[in-house]
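See below for the structure under consideration.
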Amino acid sequence: MRRKRRRPAQKFNRKMRTKLMVLFSLILAVLCGLVGRLTYIEHTKGETYQKKVLSMQSYDSKTIPYQRGEIIDRSGTVLATSVAVYNVILDCTVVNDKEEYVDPTVEALVKCFPELDETEIRRIIKEKKDKRYIVLAKKVPYDEVQPFVELQDAVDKKGNKVNPDIKGVWFEKEYQRNYPFGSLASSVIGFTSSGNVGTTGLENYYNSTLNGINGREYGYLDSDSDFEKTVIDAQDGDTLVTSIDANIQSIVEEKIKDWNEKYRDNYYKGTGSINTAAIVMNPNNGEILAMADYPNVDLNNPRDLSKWYTKKQIKNMSEDEKMDALNEIWQNFCVSSTYEPGSVQKPFTVACGLETGTINNKMTFDCDGYEDFNGQKVRCVARYGHGIETVRKTLMDSCNDAIMQMSYKIGKNHFTEYQSIYGFGQKTGIDLPGEANTASLMYQVEDMKPIDLATNAFGQNYNCTMVQMVSGFASLINGGTYYQPHLVTKITDSTGNTISTVEPKAVKQTISQSTSDKIRDYLQSVVKEGTGNTAKVDGYSMGGKTGTAQKFPRGNGKYLVSFMGFAPYDNPQVLIYVVVNEPNVADQPHSVFAQNIAREILEEVLPYMNIYPDEKKTGVNKGYDVTGSKDSSQYTGKHNGTKSRNEKKKKN
């Protein structure tokens, strides 16, 4: 009988397969849910969780500061720079990682930085265990940091660290603004506040040019504080190359200071004047070679008031009063202050008359000492008159009466038109902050009465700034071209490559070449034989004009005196303008105070600029110092009514 074959038993029956499919589906659904949840978390809270993870790792990130650009003079002398300094940083978590790190680290810190207190450091390490950024010292110079670095990095002959347990100290680099010459050109250069913010001067005007962009360093620290890092380098600021000549600037400031110190406490208690200022310019391109005023400030400590006020006065000042005092000191008189210029205006008036044909060289004017405007007498410096004056002699004598008579011929339409052409009432556009706007301080045609025209013609009853006056005057003597005054001639990057060059900007033609030639000729006579003789530098042909302006209220004995001069006379290479605001003497209305300063400056500047003597020496002004005294060794500093040789000369 044949045996039946048995069927093999099935491993999974239908019921089991159903159960497996259900289980697989559940697992798949859970996995899909987890993936979905993770995706949701990544999109909504991924950054938050990432930060939590990174915070649990040894992660480091720090700013790499940029270096602010330098300000240099025309020869490359550094006037402003940024010096690297370091903050001493303590990482308590690293120091506390092992007990044997504490003593060596503290001992090294105290040894290399004696100003740090050992007890205080140990307290910080103990009480602030989790702090990774504790500033122990700020703005430490490189040469004081280096001994610690050398101690920390020292190795023996086998290359092993000598002091392996000095841990948790690092140095945060930053830059501190430094002015190598202190107060030199302080009102021009200016200074910075915290955060590399230019506060005054070129530092303010070119702030964005001088500033750079910070870099960044990223990395993950290992147990030995070594890390793989990514560095984005800082972009340093650009450098300003200026037209300033540090040597000429130094000469100008030295003479101004010398004059003020010698007249200190002379007639009243105080400095030699309220303000003394000077500008030296190249009249052929508008470049400022020197710009100075007195008093000036130490740019490395610009908020120090002790030079001008006693400790008691400073203590009694409110914060607003201190700030007002500082703003007054920081102000650049040459650019920001307005005043009535006086007789330096007269060449402008004469040039206007010559250019419009309303005045010619053959005309004469009878000066009887005053002009009468409906009973109001406006007097000349010569109270009893100069007599008959030619155009040339009018400038030589600085005759107000003759100039007023010229103004009638010129007329208010021509006069106001040319005042605008010369740039009065308009900003020059010089690259310095705070230039005063004098538009509202000028007469318009419709508002000008005969007496206003007459007084404006000799420099009273309108206001200007020094930079306006010197820029306009340059056009009178250079052939008639008005150049925009400027201080920056070139901008370079941190490696010295030129980014841009500032070319001289000829803005307009004020007068013709022929009129300019006549004005220079007249002004040579002013210095050679007229009121400007005190400013004559022996051996050099020169031209110039004096100025004496009576301040408001009239009759109070307060004057602003000035001198504008140039050399050589036929081809001017240098133009100087000196203003003395209320000289500290009993008898103020004498331009010789400004002339003496100008002469002393030019005696040194002309040879320095390789401008050679072009006249035979006559001994004029030989041996006279900045005060006009013959023998400075016998100078007492007291003038109270006793005039020196130069003070006895004509006022204007």
Side-chain angles (χ1 to χ4, degrees), residues 255-278 293-295 308-309 328 333 337 339-344 369-370 377-384 386 397-400 455 458-460 466 530-535 545-564 577-601 621 623-652:
K255 300 304 180 183
I256 288 176
K257 182 180 179 181
D258 187 24
W259 188 93
N260 273 275
E261 290 303 315
K262 286 183 174 177
Y263 280 92
R264 178 182 291 276
D265 301 331
N266 182 55
Y267 182 62
Y268 56 83
K269 194 76 172 175
T271 58
S273 66
I274 293 178
N275 302 100
T276 306
D293 52 11
Y294 184 89
W308 297 273
Y309 300 93
E328 187 176 343
F333 182 88
S337 295
Y339 58 91
E340 293 174 284
S343 296
V344 287
Y370 65 90
K377 292 182 178 180
V378 178
R379 295 192 175 277
C380 184
V381 64
R383 295 185 68 82
Y384 300 104
H386 288 107
D397 295 335
S398 200
C399 178
N400 289 350
T455 53
F458 63 78
Q460 296 270 191
M466 283 188 71
T531 59
N533 185 250
T534 298
K545 185 68 191 78
T546 56
T548 304
Q550 189 178 33
K551 297 179 70 174
F552 276 109
R554 309 298 189 203
N556 66 353
K558 306 294 184 183
Y559 288 81
L560 180 143
V561 298
S562 61
F563 176 74
M564 182 85 73
Y577 186 30
V578 177
V579 166
V580 180
N581 185 15
E582 295 187 26
N584 189 349
V585 295
D587 190 21
Q588 292 186 4
H590 301 280
S591 67
V592 292
F593 298 118
Q595 290 188 61
N596 283 321
I597 297 171
R599 183 193 65 248
E600 292 298 298
I601 291 171
N621 296 320
Y624 290 96
D625 71 356
V626 75
T627 68
S629 300
K630 184 71 173 178
D631 185 356
S632 60
S633 65
Q634 298 178 2
Y635 177 71
T636 63
K638 299 296 179 183
H639 283 259
N640 302 312
T642 304
K643 299 182 179 66
S644 66
R645 189 261 324 194
N646 288 327
E647 287 176 69
K648 294 175 183 177
K649 293 195 171 187
K650 295 176 182 178
K651 293 183 178 182
N652 272 2

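- Thr276 is not listed as a side-chain neighbour of Pro583, based on a closest heavy-atom distance of 4.5 Å or more.
- Here the closest non-hydrogen pair linking Val626 and Lys255 is CG2-O, 3.9 Å.
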For this session: May I have the step-by-step check of side-chain contact (heavy atoms from CB on, under 4.5 Å) for Val381 and His386, ending in yes or no?
Result: CA-CA 9 Å; Val381 64; His386 288 107; 3.9 Å; yes

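- Under the 4.5 Å side-chain criterion, counting only non-hydrogen atoms from C-beta, Phe593 is in contact with Tyr263.
- In this structure, Asn596 and Arg599 have side chains that are in contact, with non-hydrogen atoms separated by less than 4.5 Å.
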Exercise. What's the verdict on side-chain contact (heavy atoms from CB on, under 4.5 Å) for Met466 and Asp293, showing C-alpha distance, side-chain angles and the deciding distance?
Worked result: CA-CA 11 Å; Met466 283 188 71; Asp293 52 11; over 6 Å; no

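- With rounding to the nearest 0.5 Å, the separation of OH in Tyr384 from CZ in Arg379 is 8.0 Å.
- For Glu340, the side chain to side chain donor-acceptor pair (under 3.5 Å) partners two or more places apart in sequence, or in a different chain, are Gln460, Arg554.
- Contact of the Asn584 side chain with the Thr271 side chain is not registered, since no non-hydrogen atoms from C-beta on lie closer than 4.5 Å.
- Classification of the Phe333-Tyr339 ring pair by plane angle, with boundaries at 30° and 60°, yields parallel.
- Put simply, the side chain of Trp259 reaches to within 4.5 Å of the side chain of Ser273, judged on heavy atoms.
- A donor-acceptor contact shorter than 3.5 Å links the side chain of Asn621 to the backbone of Thr534.
- A donor and an acceptor atom, one from each side chain of Ser398 and Ser343, are located under 3.5 Å apart.
- For the salt bridge (charged side-chain N to carboxylate O under 4.0 Å, His left out) test, no residue two or more places apart in sequence or in another chain qualifies with Lys558.
- Considering only heavy atoms from C-beta on, Val579 comes within 4.5 Å of Ser562 through its side chain.
- Screening Leu560, Val592, Ile597 for a side chain to side chain contact (heavy atoms under 4.5 Å, CB included) with Val580, the sole residue that qualifies is Ile597.
- In this structure, Glu328 CD and Trp308 CH2 are separated by 10.5 Å, a value rounded to the nearest 0.5 Å.
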